[in-house]
2 protein chains.
Amino acid sequence: MEKIISRYKGKGFKLTPQRLAILKFLEGNTNHPTAEDIFREIKKKYPTVSFATVYNTVEALRERGELLEITINPDRKHFDPNPNPHHHIICKVCKKIEDIFTDYSEALKLPKDITDEFEILGNHVDFYGICKNCRN
Amino acid sequence: MEKIISRYKGKGFKLTPQRLAILKFLEGNTNHPTAEDIFREIKKKYPTVSFATVYNTVEALRERGELLEITINPDRKHFDPNPNPHHHIICKVCKKIEDIFTDYSEALKLPKDITDEFEILGNHVDFYGICKNCRN
DNA sequence: CATTATAATAGAATTATTCCAAGATGAGAA
DNA sequence: TTCTCATCTTGGAATAATTCTATTATAATG
């Protein structure tokens, strides 16, 4: 908790109680929550919290590189508080998302016509599968 | 055109004029259109076409494996009428999407804990960059 | 050409997200 | 410690994307 506070103190990031609750919820969270997951959790302690606050906060974190937006699920966005480059696998049935920490960057070479046109900033691999539970 | 028709004839896929227009627009299209892009195009010839028809048709195509949904742009879905597995790069500024036909499947090995839990069905690599135009 | 299952349509409903104006409050300065 | 102000929070409205529903139309088949 102290660590969280010191990470944001004096960085032009105003630490309000709601934000602290969001940061605490996200810290070490590997469940890839949606905006609604965050909203519902924070609401327990701060019943008047609004979606705007949730979206504002995750956007502020994203700008600072503290959080990633995940688009592997076409139905809704998920957020990942682990900003280190990594990849994801989603279960096509239950939509559960898990992290993959293999580094593929060596392998992901691009053809010359693409590198000629684009300055490359990053990559992300989505894997699709069916998890044990959903296979019955 | 004849080729398009014969591909769907007698497959339980009703070929209506609106659907033919959509199929014709998508055939060989590498622009990764959104639902609205398709809607606007079909509307030129069929002014009464509705979004429901566009969504129904792309969903029918997706079910048949004739089209892929692309989620590389967090803002909206794009559709790709090339159903062969391939990858994409998006310009972070103008959101232009281009195809990448390199096959990375050999390189994308997964750790055992993941393959133990998931039956793997596929993968997709997103690349992020800035295109020549947007670099000024 | 008659039948029928499927598709198209308009519009309402839903869902996710963004925007806005007003009041509240953390953070740094005095 | 208190003051000031930039920034945040809030509720609600606005927007945007997508889905749903009931009705009408029509492509496919025999």
Side-chain angles (χ1 to χ4, degrees), chain A residues 1 4-23 25 32-64 66-67 69-79 95, chain B residues 1-2 4-25 32-64 66-67 69-79 95:
Chain A
M1 201 61 210
I4 297 179
I5 293 175
S6 66
R7 190 187 312 146
Y8 293 99
K9 266 287 189 200
K11 306 261 171 60
F13 184 88
K14 219 156 132 177
L15 279 172
T16 65
Q18 296 86 342
R19 285 187 163 190
L20 277 169
I22 293 174
L23 292 171
F25 174 63
H32 311 94
T34 63
E36 198 189 347
D37 294 334
I38 299 172
F39 176 75
R40 271 209 308 268
E41 178 65 24
I42 306 313
K43 203 166 190 171
K44 290 183 193 164
K45 195 155 173 201
Y46 298 96
T48 68
V49 76
S50 71
F51 263 102
T53 296
V54 172
Y55 281 109
N56 287 343
T57 303
V58 295
E59 175 57 15
L61 294 172
R62 199 193 56 75
E63 277 170 6
R64 278 149 222 273
E66 304 275 351
L67 170 143
E69 226 175 50
I70 312 183
T71 60
I72 195 173
N73 178 1
D75 295 340
R76 68 200 80 247
K77 280 185 211 163
H78 294 252
F79 299 99
K95 312 288 180 174
Chain B
M1 200 64 212
E2 290 310 313
I4 298 180
I5 294 176
S6 66
R7 190 187 313 148
Y8 293 98
K9 266 288 188 200
K11 305 262 171 60
F13 184 88
K14 218 157 132 178
L15 279 174
T16 65
Q18 295 88 339
R19 285 186 163 189
L20 276 169
I22 293 174
L23 292 171
K24 196 170 139 203
F25 174 62
H32 309 93
T34 63
E36 198 189 347
D37 294 333
I38 299 172
F39 176 74
R40 271 208 308 268
E41 178 65 24
I42 306 314
K43 201 164 190 172
K44 289 182 194 165
K45 196 156 174 200
Y46 298 95
T48 68
V49 76
S50 71
F51 263 102
T53 296
V54 172
Y55 281 109
N56 288 342
T57 303
V58 295
E59 176 57 16
L61 293 172
R62 201 192 56 74
E63 278 170 6
R64 277 149 225 271
E66 304 276 350
L67 170 144
E69 225 174 49
I70 313 183
T71 60
I72 194 172
N73 177 359
D75 295 341
R76 71 199 77 248
K77 279 185 212 163
H78 294 252
F79 299 99
K95 311 289 180 174

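So that the names make sense, note that chain A is the first sequence line, chain B the second, and so on, each numbered from 1.
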**Q** Can you find a pair of side-chain heavy atoms, one from B:F13 and one from B:L23, that are under 4.5 Å apart?
**A** yes
**Q** Between D:dG12, D:dA28, C:dA27, which nucleotide has the shortest distance from any of its atoms to the side chain of B:K14?
**A**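 Per side-chain heavy atoms of B:K14, the pick is D:dA28.
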**Q** Counting any heavy atom closer than 4.0 Å, what does A:T48 reach on the DNA or RNA strands: base, sugar-phosphate only, or nothing?
**A**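 Sugar-phosphate: the residue A:T48, judged by heavy atoms under 4.0 Å, touches backbone atoms but no base.
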**Q** Starting at atom CD of A:E36, determine the distance to atom C1' of C:dT14, rounded to an integer number of angstrom.
**A**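 In whole Å, C:dT14 C1' and A:E36 CD are 12 Å from each other.
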**Q** Quickly work out the B:F51 CZ to D:dA17 P distance and round it to whole Å.
**A** 8 Å
**Q** Please state how far atom NZ in B:K77 lies from atom P in C:dT15, giving the value in whole angstrom units.
**A**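 So the NZ-P distance, B:K77 to C:dT15, works out to 14 Å.
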**Q** Got B:L61 and B:Y8 here, is their nearest side-chain heavy-atom distance under 4.5 Å?
**A** yes
**Q** I'd like to know if the side chain of A:D37 pairs up with that of A:T34 as donor and acceptor (distance under 3.5 Å, no hydrogens or angles considered).
**A**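 Side-chain D/A pair, A:D37 to A:T34: present.
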**Q** Nearest whole angstrom, please: distance from the P of C:dT18 to the CG of A:N56.
**A** 10 Å
**Q** Please determine if a side-chain N or O atom of B:R19 lies less than 4.0 Å away from the OP1 or OP2 oxygen of C:dA8.
**A** yes
**Q** Which is true for B:T53 with a 4.0 Å heavy-atom rule: it touches a base, it touches only sugar-phosphate, or it touches nothing?
**A**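 Contact class for B:T53: base.
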**Q** Are OP1 or OP2 of D:dT18 and a side-chain N or O of B:Y55 less than 4.0 angstrom apart?
**A** yes
**Q** Whole-Å distance between D:dT15 C1' and B:R76 CZ?
**A** 12 Å
**Q** With a 3.5 Å distance limit and no angle check, can you tell me whether A:R19 reaches the backbone of A:K14 through a side-chain donor-acceptor pair?
**A** yes
**Q** For A:L20 and D:dT9, what is the distance between atoms CG and P respectively, to the nearest whole Å?
**A** 10 Å
**Q** NA contact type, A:P47, heavy-atom cut-off 4.0 Å: base, sugar-phosphate, or nothing?
**A**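 Touches nothing.
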**Q** Rounded to whole angstroms, how far apart are CZ on B:F13 and P on C:dA7?
**A**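 Those two atoms, CZ and P, are 8 Å apart.
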**Q** Looking only at the side chain of A:S50 (C-beta and beyond, no hydrogens), which of the listed nucleotides D:dG11, C:dT9, D:dA17 gets closest?
**A** D:dG11
**Q** May I ask you to evaluate whether A:T16 reaches the phosphate of D:dT9, defined as a side-chain N or O under 4.0 Å from OP1 or OP2?
**A** yes
**Q** Looking at A:K95, I want to see if its NZ is surrounded by more than 12 non-hydrogen atoms of other residues, nucleotides or ligands under 6.0 Å.
**A** yes
**Q** To the nearest Å, how far apart are A:D75 CG and C:dT17 C1'?
**A** 15 Å
**Q** Using the side-chain heavy atoms of B:Q18, tell me which of these nucleotides is nearest: C:dA8, D:dT9, C:dA10.
**A** C:dA8
**Q** Return whichever of B:A35 or A:T57 has its heavy-atom-nearest nucleotide of DNA chain D closer to the 5' end.
**A** A:T57
